[in-house]
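Scroll down for the structure; my scribbles are underneath it.
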Amino acid sequence: MENNFELLARLKKEKNAVILAHYYTDDSIQKIADYVGDSYFLSEKARDVKEDVIVMCGVSFMGESVKLLNPKKTVLLPDKEADCPMAHMATVEKIKEVREKYEDVAVVCYVNSTAELKAHSDVCVTSANALKIVKNISNKNIFFIPDKNLAHYISKKVPEKNFIFNDGCCYIHNSVTVDEVKNTKEKYPKAEILVHPECQKEIVEMGDYVGSTSGIIKYVSESMKDEFIICTEEGVLYELKEKNPHKKFYLPKKNFSCMDMKKITVEKIIKALETNEPQVYLENNIIDKAYKPLENMLIMAK
Ligand code: 13P
Ligand code: SF4
């Protein structure tokens, strides 16, 4: 009788499949994935992998991005209900309104957004490359969708641009409070505070370091310090501990967890590979329009 690990290995070989996973998925997924990373790394990998079938262990915007970059390949999202609420927190109507109002505007779309929103944007960004990309945009006005917190963080670093904000956010990162971080710091005074820019500006201001999930992992791995308060989703602890078994990590709150990312299970991956479903399907006209801003990101972030 094959165990899950052997079964996955066989299915991957039979289907010529590769498994990509985000750092917020459950530890069991990060253990079996071929590549684990942040949103930017996963976009690059999705563009470069040679396999015919790509299993994206993450939320639906990640599956859509993989499909946009590989329209002819089979892209499997093991749970089709795994969705990022923030990805829906902007509207095409508002984009059109802003484009009408401002002549010289770039619509900058955080990759945590639906393919439809991407299709109406000029360039995508992730938290790992947003600063570099926004700095290199020639337009004076930047309409940054959907995340107001990331937009705020970038706007402070690029004061020469005029930012138009959108009222979206990640309910998980946005829920971290100043008191929670302060209390954790009081308990562990030697710990450095590391913050994902999806957190509110007051939390970002408290950070000794602010960056994407992979930025946080890199910072810890290169640091001489031993203790860290991690202000991002708890899934990142798996890689942090793997790379830094002797360092200590504290979360500012209990259940700092993205329920949608945790919907992905090994059993669902196996079923997806066996049945070829659930697949990510996108209409051709969306693919045609939404590919360009994603490609622009990969070019500008280099
Ligand atoms: P990263 O791009 O830092 O991995 O973040 C993705 C995400 O969903 C944050 O909530
Ligand atoms: Fe979306 Fe927040 Fe989950 Fe990231 S952590 S996928 S932004 S809900």
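Source: prediction; values computed, not measured. For this chain, numbers begin at 1 and follow the sequence in order. Both counts, for ligands and for their atoms, begin at 1 and track the order of listing.
- With a cut-off of 2.8 Å, atom 3 (Fe) of ligand 2 has an N, O or S atom of C258 in range.
- Note: H152 and F144 fail the aromatic proximity criterion, with ring centroids not under 6.0 Å apart.
- Looking only at heavy atoms of the protein, atom 5 (O) of ligand 1 is closest to H196 NE2, 3.3 Å.
- For ligand 1, the atoms sitting less than 4.0 Å from at least one non-hydrogen atom of H173 are 10 (O), numbered in the order shown with element in parentheses.
- A donor-acceptor pair shorter than 3.5 Å cannot be found between the side chains of Y23 and Q30.
- Atoms of ligand 2 found under 4.0 Å from any heavy atom of Y24 (numbered from 1 in listed order, with element): 4 (Fe), 5 (S).
- The shortest side-chain heavy-atom distance between S223 and E192 falls under the 4.5 Å cut-off.
- Look at H22 and you'll find a heavy atom under 4.0 Å from some atom of ligand 1.
- Side-chain polar atoms of N139 and D104 form a donor-acceptor pair below 3.5 angstrom.
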Practice prompt. Go through the steps for D147 and H173 under the test side-chain hydrogen bond (donor to acceptor under 3.5 Å, both in side chains), then give the verdict.
Written response: CA-CA 11 Å; D147 188 9; H173 286 86; over 6 Å; no
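- Any N or O atom pair closer than 3.5 Å counts here, and E198 shares at least one such pair with ligand 1.
- Of all atoms in ligand 2, listed by their number and element, those nearer than 4.0 Å to a heavy atom of P85 are 8 (S).
- With hydrogens left out, the protein atom closest to atom 2 (Fe) of ligand 2 is C170 SG, 2.3 Å, a heavy atom.
- Geometrically, K148 does not engage F165 in a cation-pi contact defined by less than 6.0 Å to the ring centre and at most 45° from the axis.
- Atom 1 (Fe) of ligand 2 has as its closest protein heavy atom C84 SG, 2.3 Å.
- Put simply, no part of E233 is less than 4.0 Å from ligand 2, judged by heavy atoms.
- Below 4.0 Å from some heavy atom of S127 lie the following atoms of ligand 1, by number and element: 1 (P), 2 (O), 3 (O).
- Counting only N and O atoms by type, the side chains of K262 and T25 include no donor and acceptor under 3.5 Å apart.
- Atoms of ligand 2 lying under 4.0 Å from at least one heavy atom of N112, given by number and element, are 4 (Fe), 7 (S).
- Because the distance cut-off is set at 2.8 Å, H173 fails to qualify as a neighbour of atom 2 (Fe) of ligand 2, as none of its N, O or S atoms comes that close.
- Residue-ligand proximity, S212 to ligand 1, at heavy-atom distances under 4.0 Å covers atoms 3 (O).
- Remark: distances from the non-hydrogen atoms of E233 to ligand 1 are all 4.0 Å or more.
- Remark: ligand 2 atoms within the under-4.0 Å shell around heavy atoms of M261 are 6 (S).
- Contact annotation for M86 and ligand 2: only side-chain heavy atoms (C-beta onward) come within less than 4.0 Å of the ligand.
- The two residues S221 and K247 come nearest to each other via the heavy atoms O-NZ, 4.3 Å.
- A donor and an acceptor atom, one from each side chain of T213 and H196, are nowhere located under 3.5 Å apart.
- At a heavy-atom distance under 4.0 Å, no atom of Y23 approaches ligand 1.
- Heavy atoms of N112 found under 4.0 angstrom from ligand 1 belong exclusively to the side chain.
- Atom CD of E267 has more than 12 heavy atoms from other residues, nucleotides or ligands within 6.0 Å.
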Discussion item. Could you go through Y110 and S39, starting from their C-alpha distance and side-chain angles, then the distance that decides it, and tell me whether this counts as side-chain hydrogen bond (donor to acceptor under 3.5 Å, both in side chains)?
Written reply: CA-CA 10 Å; Y110 188 28; S39 307; 5.7 Å; no
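- Under the 4.0 angstrom criterion for non-hydrogen atoms, Y24 is in contact with ligand 1.
- Geometrically, ligand 1 and S39 share a nitrogen or oxygen pair separated by less than 3.5 Å.
- One side chain, S28 or D26, offers a donor N or O that lies under 3.5 Å from an acceptor on the other.
- No hydrogens or angles considered: nothing links the side chains of Y153 and S127 as a donor-acceptor pair under 3.5 Å.
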